[in-house]
Amino acid sequence: MRALTVRPGVKDSLTLTDLPEPPESDGPILVETIAVGLCGTDVEIVNAEYGEAPPGSDVLALGHENLGRVIAAPPDAGVAAGDLVVGIVRRPDPEPCAACRMGEWDMCRNGRYTEHGIKGLHGFTRERWRATPDAVVKLDGTLADIGVLLEPTTIVAKAWEQIERIGRRAYFGPTVAAVTGAGPVGLLAALLGVQRGLEVHVFDRVTDGPKPGLVADLGAHYHSTTLPDSGIRPDVTIECTGAPTVVVDVMTHSAVDGIVCLTGVSSVGSRLPVDIGDLNRSAVLGNDVVFGTVNANRRHYEAAAAALGAASRAWLSRMITRRLPLEKFAEGFERRADDVKVVLEVAT
Ligand SMILES: [Zn+2]
Ligand SMILES: [Zn+2]
């Protein structure tokens, strides 16, 4: 079967190749891939900055943001032939650690977890894959066009869940949320904020292209200024850029009792002058929380499926700015100014 693979550690080794059918040992549910979304993690893997092949393989099938349709499943699998499904990207470590044992592999303590298309497990940019029932989440059948957005939505479903859990430390009645970065994760974070009835402000540098309109049509407010320049003091901030100056801005401009959630991964080595005394003083006197979050467990996949189900399908499909057949994968990795989410269509 066709698969898009890399040789981990070898730059620009991305190629469309033949892989054997998935072995039955991968699980009793056989799934046909419909589509795979591309993101920065895939670019890092193609650039050989990241990525690990499954044991015994030289190559790694790429792709973690996925959507498929069940071809065959045993009667007790919880899904049946024809169902739309998404494969859960991260799997618990073999030990398992205390977090993985609780089904919270997103909080894995020992780093020995595996991830489809990233770390030790083939990804979903292959025509068929197999899984165990605990490794797939069923989607509403009407989400066939946009279900590939589920995986990035799980990231923000977890972020919002964690924000609300942290909020329960005391009185919590947020009204204003800020999101920095209007890429796919930022837009989905804004969507979930609007769904919670919050006044949502999205900050990004661009002034044209699809992002301002997507934010406006969500009922949120788009800013091409910075958070400090806007004068807004958000109760909840979700940082989605990883840009060091933006990270400092969000940490120093939240409301009293504010919660700041960091989701963007920065590269290391950036040094900025920061007044630590002021940062600490305002954090203490303002009961501030700043926390990081990564990945998602099954609970977040289910929350994300509900969030997508409640959202406008038309708005979600506008987030997918290019859909390419698998054989045009190289075009998918070309950055274009108006890209939000680029998707490879695998099923023919
Ligand atoms: Zn991704
Ligand atoms: Zn673990």
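Just so you know, ligand 1 is whichever comes first in the structure, and atom 1 is the first atom listed for that ligand.
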dist Lys328:NZ -> Glu345:CD (nearest 0.5 Å) comes out at 11.5 Å
(request) Mark yes or no: Lys211 above the aromatic ring of Tyr222, with NZ or CZ under 6.0 Å from the six-membered ring centre and no more than 45 degrees from the axis. (result) no
Where the side chain of Thr33 meets the backbone of Arg126, is there a donor-acceptor pair that is under 3.5 Å apart? yes
To the nearest 0.5 Å, atom CZ of Arg7 lies from atom OG of Ser57 at 8.5 Å
Protein N/O/S atoms closer than 2.8 Å to the Zn ion (ligand 1), ordered by chain and number, come to Cys39 SG, His64 NE2, Glu65 OE2
dist Arg130:CZ -> Glu24:CD (nearest 0.5 Å) comes out at 4.5 Å
Listed as residue and atom, the protein N/O/S atoms under 2.8 Å from the Zn ion (ligand 2) are Asp93 OD2, Cys97 SG, Cys100 SG, Cys108 SG
Let me check something: do Val236 and Val248 share a hydrophobic cluster, defined by ILVMFWY side-chain heavy atoms less than 4.5 Å apart, either directly or through other members? no
Under 3.5 Å: donor-acceptor pair, side chain of Arg313, backbone of Gly309 = yes
*List the steps and the verdict of salt bridge (Lys or Arg N to Asp or Glu O under 4.0 Å) for Glu104 and Arg299.*
CA-CA 9 Å; Glu104 297 194 333; Arg299 198 169 67 234; 2.9 Å; yes
Distance col, row Asn295:CG vs His64:NE2, nearest 0.5 angstrom, shows 9.5 Å
